[in-house]
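Taking it in order: structure first as structure tokens, then the write-up.
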Amino acid sequence: MSVARTALDPVIDSVDDQPRAAKGTRRHGGQWIAWLFAAPALAAYTVFVLVPMARTVQYSFYEWDGIGASPWVGFDNYVRVFTDPELSGTIVNAFELIVFFSGIPVVMGLAIASTIRRIATSRLAVVARTVLFIPQVIPLVAAGIAWSWLMSSSGLVNQLLSSVGLDGVTRAWLGDFATALPAVGVIGAWVLLGLCTLLFLAGMSKIDPALYEAARIDGAGPLREFFSITVPSLRQEIGVCVTVTVIAALASFDIVYIVTQGGPGNTTMVPGLEIYYQAFVERQVGVASALAVVLVVLVLVCVLPIQRLTREESS
């Protein structure tokens, strides 16, 4: 049985289409307003980040002292980065610092955060959180100067070693070729430990306490709880900590500049500091730009797999 259309049907259809049209107009209007609010930040990001990055890539193909003519050299600057021992050695040093900047804070942060969680109701937990987070508040310049005093020949570290009969171990830790880079790594680990610990504590607060109660009923001890419940539940937090600390190791500059300035020799020279010396001391802007581009690529190569692995495990 067919229903005949009346004369009012076109009017009804037009009335039904009006709310849809109004909703679409509001949606597009809201998008334009959102882009309007984001425009200042996008403009600043373009001027101070994207444009300098593009110029860095451009300069890396030229031999330029920052003032005079800049002849085209193609990939010669990149070849020099990987063939010159002084330049490639800085990349090796940066990867060695990852062990200290990333490995130690993540492992110790997990252990310390798990311990603080068990005594969360005590005053000691509050004191521990405050003390561990102090390095994040102290300026890195001040921290570097303080550690330079502590690790000097007559510093507190050597005094403590002498007091327990280890005079033969004492040395100028930041001035010895064998210990300078590990000493810088210890300083970086001290700086990043508090951040990792607090991130892990925040992640542990989201774990259901019933999981720990069930594990205790099944007879699991503290170590089994840690490896079976705590660590698997903190995959995202571990991914964030590893990402932040790896970037800090590869892009380290301030701590190294304050405590050793790349010495003794080039044992603590890192890419960030080498870029500074090449650009503003040696006036080799092209080489500095090529090393900067290589550093960015290395950071992406190290960080992107970590982020992808973290997302896959979480999903």
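The basis for the numbers below is simple: all heavy atoms, side chains too, and nothing from hydrogens, waters or symmetry mates.
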Quiz prompt | Step-by-step side chain to side chain contact (heavy atoms under 4.5 Å, CB included) determination, Ile138 to Ile134 | solution = CA-CA 6 Å; Ile138 298 176; Ile134 285 178; 3.3 Å; yes
Self-check item: Val191 vs Gln136, side chain to side chain contact (heavy atoms under 4.5 Å, CB included): CA-CA, chis, key distance, verdict
Solution: CA-CA 7 Å; Val191 171; Gln136 297 296 317; 4.2 Å; yes
Practice problem: Could you check Glu96 against Phe101 for side chain to side chain contact (heavy atoms under 4.5 Å, CB included), going step by step and ending with a plain yes or no? | Solution: CA-CA 9 Å; Glu96 290 182 11; Phe101 279 56; over 6 Å; no
Quiz item: Run the side chain to side chain contact (heavy atoms under 4.5 Å, CB included) check on Leu181 and Asn93 step by step: do they pass?
Solution: CA-CA 8 Å; Leu181 190 62; Asn93 291 340; 3.9 Å; yes
Practice problem: Apply side chain to side chain donor-acceptor pair (under 3.5 Å) to the pair Ser162 and Asp167, showing each step before the final yes or no. | Solution: CA-CA 5 Å; Ser162 300; Asp167 300 89; 3.3 Å; yes
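Note that OH of Tyr62 is 13.5 Å distant from CG of Asp76, once rounded to the nearest 0.5 Å. Annotation: the span from Gln58 atom CD to Thr56 atom OG1 amounts to 9.5 Å, rounded to 0.5 Å. Taken to the nearest 0.5 Å, the CG atom of Leu201 stands 9.5 Å off from the CZ atom of Arg117. One finds the OG1 atom of Thr115 at 10.0 Å from the CG atom of Leu124 (value rounded to the nearest 0.5 Å). Rounding to the nearest 0.5 Å gives a distance of 12.5 Å between CG of Leu304 and CG of Leu309. Atom NZ of Lys206 is separated from atom OG of Ser233 by 10.0 Å, given to the nearest 0.5 angstrom.
Between Phe253 and Tyr257, the ring-plane angle classifies as parallel under the 30° and 60° cut-offs.
Contact record, Val79 with Thr83: O-OG1, 2.6 Å, taken as the closest heavy-atom pair. Scanning both residues, Val106 and Cys241, for their nearest heavy atoms gives CG2-CB, 4.1 Å. Across every non-hydrogen atom of Ala178 and Asp176, the tightest pair is N-OD1, 2.7 Å. In terms of heavy-atom proximity, Pro271 sits nearest to Ala94 at CD-CB, 3.7 Å. Nearest approach of Val256 to Thr268, heavy atoms of both residues: CG1-O, 3.2 Å. Residues Trp173 and Asn158 come closest through the heavy atom pair NE1-OD1, 2.9 Å.
Residue Leu223 is not grouped with residue Val107 when hydrophobic side chains (ILVMFWY) are merged at heavy-atom distances under 4.5 angstrom, including chains of intermediate members. In this structure, Leu140 is not a member of the same hydrophobic cluster as Val244, with clusters built from ILVMFWY side-chain heavy atoms closer than 4.5 Å. Following chains of ILVMFWY side-chain contacts shorter than 4.5 Å, one can reach Val141 starting from Tyr276, so the two form part of one hydrophobic cluster. Residues Leu298 and Ile247 fall within the same hydrophobic cluster, defined by Ile, Leu, Val, Met, Phe, Trp and Tyr side chains chained together at heavy-atom separations under 4.5 Å. In the hydrophobic cluster analysis, where Ile, Leu, Val, Met, Phe, Trp and Tyr join through side-chain heavy atoms closer than 4.5 angstrom, Trp190 is grouped together with Ile116.
Side-chain N/O atoms of Ser289 and Ser60 include no donor and acceptor closer than 3.5 Å. Looking only at atom types and distance, the side chain of Thr243 has a donor-acceptor partner in the side chain of Gln307 under 3.5 Å away.
For the pairing with Leu295, the side chain to side chain contact (heavy atoms under 4.5 Å, CB included) check across Ile91, Leu250, Val270, Thr90 returns one residue only, Leu250.
Side-chain contact between Leu193 and Ile104: absent, with no pair of heavy atoms (C-beta onward) separated by less than 4.5 Å. The side-chain heavy atoms of Glu274 and Leu87, taken from C-beta on, include a pair separated by under 4.5 Å. By the 4.5 Å heavy-atom criterion applied to side chains, Leu174 and Ser148 are counted as neighbours. Counting heavy atoms from C-beta on, the side chains of Thr197 and Leu132 come closer than 4.5 Å. A 4.5 Å side-chain heavy-atom check between Leu42 and Trp35 finds at least one atom pair inside the cut-off. Phe226 has its side chain within reach of Leu110: a pair of non-hydrogen atoms, C-beta onward, lies under 4.5 Å apart. For the pair Ser252 and Leu97, the minimum side-chain heavy-atom distance is below 4.5 Å. Arg224 is not listed as a side-chain neighbour of Arg216, based on a closest heavy-atom distance of 4.5 Å or more.
A donor-acceptor pair under 3.5 Å is absent between the side-chain atoms of Glu237 and the main chain of Ala202, judged by distance alone. With hydrogens and angles ignored, the 3.5 Å screen pairs no side-chain donor or acceptor of Asp208 with any backbone N or O of Leu211.
Applying the ring pair (Phe, Tyr, Trp, His ring centres under 6.0 Å) rule to Tyr59 yields the partners Trp64; only residues at least two apart in sequence or on another chain are considered. Applying the salt bridge (Lys or Arg N to Asp or Glu O under 4.0 Å) test to Arg80 and every residue at least two apart in sequence or in another chain returns Asp84.
With a 6.0 Å radius and a threshold of 12 heavy atoms from other residues, nucleotides or ligands, Glu86 has its CD atom at or below the threshold.
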